[in-house]
Amino acid sequence: MAGPAAGANPIAAINDTPMGVRQWIVVFLMILLNALDGFDVLSSAFAAPGITMEWGIPRSELGVVLSAELVGMGFGSIILGGMADRYGRKSTMLLCLAVMTAGMWLAHAATGVSELTAWRFITGLGIGGMLAATNAVTAESSSKASRSIAMALYVIGYPVGGVIGGFAAQGWLLVPDQAPYFLGIGSLGVSFELGSWRSVFLFGAVVTAAMIPLVILLVPETPAYFLARRPEGALDKINRSLKAFAKAPIAEIPTAPSKANKPKVTDILANPRLRPVTLMLAFGYMFHTLTFYYILKFAVQIVADTGFSQPDAASTLTYANIGGAIGGGLFGLFLKKWDIKGPTIGACVLGVIAVAWFGLGHGDLGEWRFAAFLTMFFLNAAIVGYYAAFARGFPAYARATGTGFVLGVGRAGAAGSPIIAGYLFTVLGNENLLTVSLIMCLGAILGAVLVWLVPLRDADADLEALAAQPID
């Protein structure tokens, strides 16, 4: 490792040098955390038929339960996402993991709809903050040359979590078994019986808790955070972070402009360069998630209501997430060649067509699976485009706050999706699946229009200068 470089920028040390092993380890862990978020969010969808059967609730009431964690994610993205800029990405991730573990654990023991809704909201708070923090860490731990592929891999972690959770649900958690299982070490742990919707939440709590020591041991705070925040002893903290990533230390912190920028949402919206990008991305993402979560939240219940068993119905969501993972991964290659706007708009349009085909209804389980596969293949590809735009649109000093705000606004669409769909099914009847699906498609159409209009510039050229601005 080279000696300290006077005047060197630690952001440039990450941006302009090849990715090391530790950087890829951190990116891999961020993918795992995003996969965990994906499973935790979709756990209520896997559990939906069992909840409906046990408590006898209609789709309109089920929609409220399914939206609870999405509402929590909106608040968590804004509140806890801002904490990541003020108190650090790592500490925020650890706090979010603790909140998610508690929420999942308490959800498995819920005795009624109101109680379950409250614990799912709490879980969503942690997921929302986690998404903002992990998005920032992925961007700030990867080089400029590898950032697009790192972000694409990070985003497809979300559906991969759904795939893993789906296989666990359909092949193990939702399959009745007379013998209780024990999770734990020695005499410490919990026993539970398979075949109940409660086992899905309990499994999520255990896996979430297992991620805490991995983050403590393997994820350093990013140099970009210390440079932006400039805490006491900032130079030593930056160099320790650079050392963890096997980068050369710096001899002094680059001079910052005299006027400090603070990572507040109001400051971001007041910035003439960031305001139009922020608002259009936020509302475009909001409309897109209206369509996106319609499939993710109601597919299992829709298929179960046509006469298939809980495990078979859950397999539909597994295939949807396989499609999302493949579509998101391939889309990363499109972004590298054709940038963001064109491919994202194309993915939105094709996603609308796929959702409409899903809405035609199918009598064969294989057809349901393939229809769900296609919807998420295209809709999640568009999500990759949005996340790439988030990483490009915000400088390091406000990345988690800006991303948190955009995700928070976007969660209004996500949270509203199952509520709106549940209401439409109640008013129009469960048999009018195509009509409901076409109405829910309007979200992705509006999202595509806003992506087309957003004044997205190449902010990578400004990243190093903007990231050096301090935060008081």
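Remember, predicted model here, so these are calculated numbers, not experimental data. Computed over heavy atoms, backbone and side chain alike; hydrogens, waters and symmetry mates excluded.
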Asker: Between L446 and M286, is any pair of side-chain heavy atoms under 4.5 Å apart?
Answerer: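 Answer no - side chains too far apart.
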
Asker: Considering non-hydrogen atoms only, spot the tightest contact between A325 and V160 and give its length.
Answerer: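 So the two residues come closest at CB-CG2, 3.8 Å.
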
Asker: Considering all heavy atoms of both residues, which atom of L296 and which atom of A45 are nearest to each other, and what is their separation?
Answerer: O-CB, 3.4 Å

Asker: Going from CZ on R120 to CG on L66, what distance comes out if it is rounded to the nearest 0.5 angstrom?
Answerer: 9.0 Å

Asker: Side chains of P220 and V26, heavy atoms from C-beta outward: is any pair under 4.5 Å?
Answerer: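 Yes, their side chains come closer than 4.5 Å.
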
Asker: For F201, what residues pass the ring pair (Phe, Tyr, Trp, His ring centres under 6.0 Å) criterion, not counting sequence neighbours?
Answerer: W197

Asker: Report the distance from atom CZ of F28 to atom CG of L33, rounding to the nearest 0.5 Å.
Answerer: 10.5 Å

Asker: Is the OH atom of Y319 crowded by more than 12 outside heavy atoms at less than 6.0 Å?
Answerer: no

Asker: Tell me, do I14 and P223 make a side-chain contact under 4.5 Å, heavy atoms counted?
Answerer: yes

Asker: Would you say L131 and N135 make side-chain contact, with heavy atoms under 4.5 Å?
Answerer: no

Asker: For the backbone of K144 and the side chain of D16, can you confirm whether one donor and one acceptor N or O come within less than 3.5 Å of each other?
Answerer: no

Asker: What verdict does the side chain to side chain contact (heavy atoms under 4.5 Å, CB included) test give for T344 and F331, after you've listed the backbone C-alpha separation in whole Å, the side-chain angles of each residue and the deciding distance to 0.1 Å?
Answerer: CA-CA 9 Å; T344 303; F331 196 73; 3.7 Å; yes

Asker: Are any non-hydrogen side-chain atoms of N15 and R147 less than 4.5 angstrom apart?
Answerer: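 Yes - at least one pair of side-chain heavy atoms lies under 4.5 Å apart.
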
Asker: So which atom in G327 and which in A381 form the shortest heavy-atom distance, rounded to 0.1 Å?
Answerer: O-CB, 3.8 Å

Asker: Taking F298's backbone N and O only, do any of them form a donor-acceptor pair with Q301's side chain (distance below 3.5 Å, no angle check)?
Answerer: no

Asker: Going by side-chain hydrogen bond (donor to acceptor under 3.5 Å, both in side chains), name the residues that satisfy it together with T138, two or more places apart in sequence or in a different chain.
Answerer: none

Asker: Counting N and O atoms only, with roles assigned by atom type, does the side chain of T291 sit under 3.5 Å from a partner on the main chain of M440, one being a donor and the other an acceptor?
Answerer: yes

Asker: So which heavy atom on S142 is nearest to which on A139, and how close?
Answerer: OG-O, 3.3 Å

Asker: Tell me every residue that passes side chain to side chain contact (heavy atoms under 4.5 Å, CB included) with V163, counting only those two or more places apart in sequence or in another chain.
Answerer: F167, T318, N321, I322

Asker: About how many Å separate CG of L350 and CG of L374, when rounded to the nearest 0.5 Å?
Answerer: 10.0 Å

Asker: Are the side chain of T375 and the backbone N or O of A372 linked by a donor-acceptor pair below 3.5 Å?
Answerer: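 Looks like yes, one N/O pair under 3.5 Å.
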
Asker: Do F377 and L330 touch side chain to side chain, with heavy atoms closer than 4.5 Å?
Answerer: yes

Asker: Please enumerate all residues that pass ring pair (Phe, Tyr, Trp, His ring centres under 6.0 Å) together with F46, with sequence neighbours excluded.
Answerer: none

Asker: In Å and rounded to the nearest 0.5 Å, what is the CG to CG distance from D37 to L42?
Answerer: 10.5 Å

Asker: Holding to side chain to side chain contact (heavy atoms under 4.5 Å, CB included), I want the full list of residues that pass it with T17, two or more places apart in sequence or in another chain.
Answerer: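 Partners of T17 under the side chain to side chain contact (heavy atoms under 4.5 Å, CB included) test: K247.
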
Asker: Should L36 and M130 count as side-chain neighbours, where that means a heavy-atom distance under 4.5 Å?
Answerer: no

Asker: According to side chain to side chain contact (heavy atoms under 4.5 Å, CB included), who are the partners of F121, at least two apart in sequence or on a separate chain?
Answerer: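 Testing F121 for side chain to side chain contact (heavy atoms under 4.5 Å, CB included), a comparison that skips the adjacent residues, returns V71, F75, L125.
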
Asker: If you look only at distance, which donor and acceptor atoms sit under 3.5 Å apart when one is on a side chain in residues 202-218 and the other is two or more places apart or in another chain?
Answerer:
from, atom 1, to, atom 2, distance (Å)
T208, OG1, D40, OD2, 3.3
T208, OG1, G204, O, 2.7

Asker: Just do the side chain to side chain contact (heavy atoms under 4.5 Å, CB included) check on V355 and L379 with the steps written out, would you?
Answerer: CA-CA 9 Å; V355 173; L379 291 177; 3.8 Å; yes

Asker: Which atom pair, heavy atoms only, marks the closest approach of D85 to Y225?
Answerer: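 Closest pair (atom of D85, atom of Y225, distance): O-CE1, 3.2 Å.
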
Asker: With sequence neighbours excluded, tell me which residues meet side-chain hydrogen bond (donor to acceptor under 3.5 Å, both in side chains) with T92.
Answerer: none

Asker: Who passes side-chain hydrogen bond (donor to acceptor under 3.5 Å, both in side chains) against Y154, sequence neighbours left out?
Answerer: T134

Asker: Within the distance-only criterion (no hydrogens, no angle test), does the side chain of Y294 pair as donor or acceptor with the backbone N or O of A299 below 3.5 angstrom?
Answerer: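 Absent.
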
Asker: Angle class for the Y386/Y285 ring planes (parallel below 30°, perpendicular above 60°, tilted otherwise)?
Answerer: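 Y386 and Y285: perpendicular rings.
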
Asker: Measure the spacing between CG of L116 and OG1 of T123 and express it to the nearest 0.5 Å.
Answerer: 9.0 Å

Asker: Listed by chain and number, what are the side chain to side chain contact (heavy atoms under 4.5 Å, CB included) partners of V41, not counting sequence neighbours?
Answerer: E69, L70, M73, I127, Y158, Y293, K297

Asker: List the steps and the verdict of side chain to side chain contact (heavy atoms under 4.5 Å, CB included) for F405 and V409.
Answerer: CA-CA 6 Å; F405 174 76; V409 173; 3.8 Å; yes

Asker: Quick one: does S241's side chain have a donor or acceptor within less than 3.5 Å of a partner on K237's backbone?
Answerer: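 No; zero donor-acceptor contacts below 3.5 Å.
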
Asker: Do side-chain atoms of R89 reach the backbone of A84 as a donor and acceptor pair under 3.5 angstrom?
Answerer: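 Answer holds: yes.
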
Asker: For the CE atom of M151 and the OG atom of S146, what is their distance to the nearest 0.5 Å?
Answerer: 13.0 Å

Asker: What are the two closest non-hydrogen atoms of V200 and L173, and how far apart are they?
Answerer: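 Taking every non-hydrogen atom into account, CA-CD1, 4.1 Å.
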
Asker: Suppose the criterion is salt bridge (Lys or Arg N to Asp or Glu O under 4.0 Å): which pairs have a residue in residues 197-216, not counting sequence neighbours?
Answerer: E54-R198

Asker: Checking T222 now: which residues fulfil side-chain hydrogen bond (donor to acceptor under 3.5 Å, both in side chains) with it, not counting sequence neighbours?
Answerer: E140

Asker: Please report the C-alpha distance between V300 and T316 in whole Å, then the side-chain angles of each, then the deciding distance to 0.1 Å, and finally whether the side chain to side chain contact (heavy atoms under 4.5 Å, CB included) criterion is met.
Answerer: CA-CA 7 Å; V300 176; T316 305; 5.7 Å; no

Asker: Compare all side-chain heavy atoms of L450 with those of H288 and state whether any distance is below 4.5 angstrom.
Answerer: no

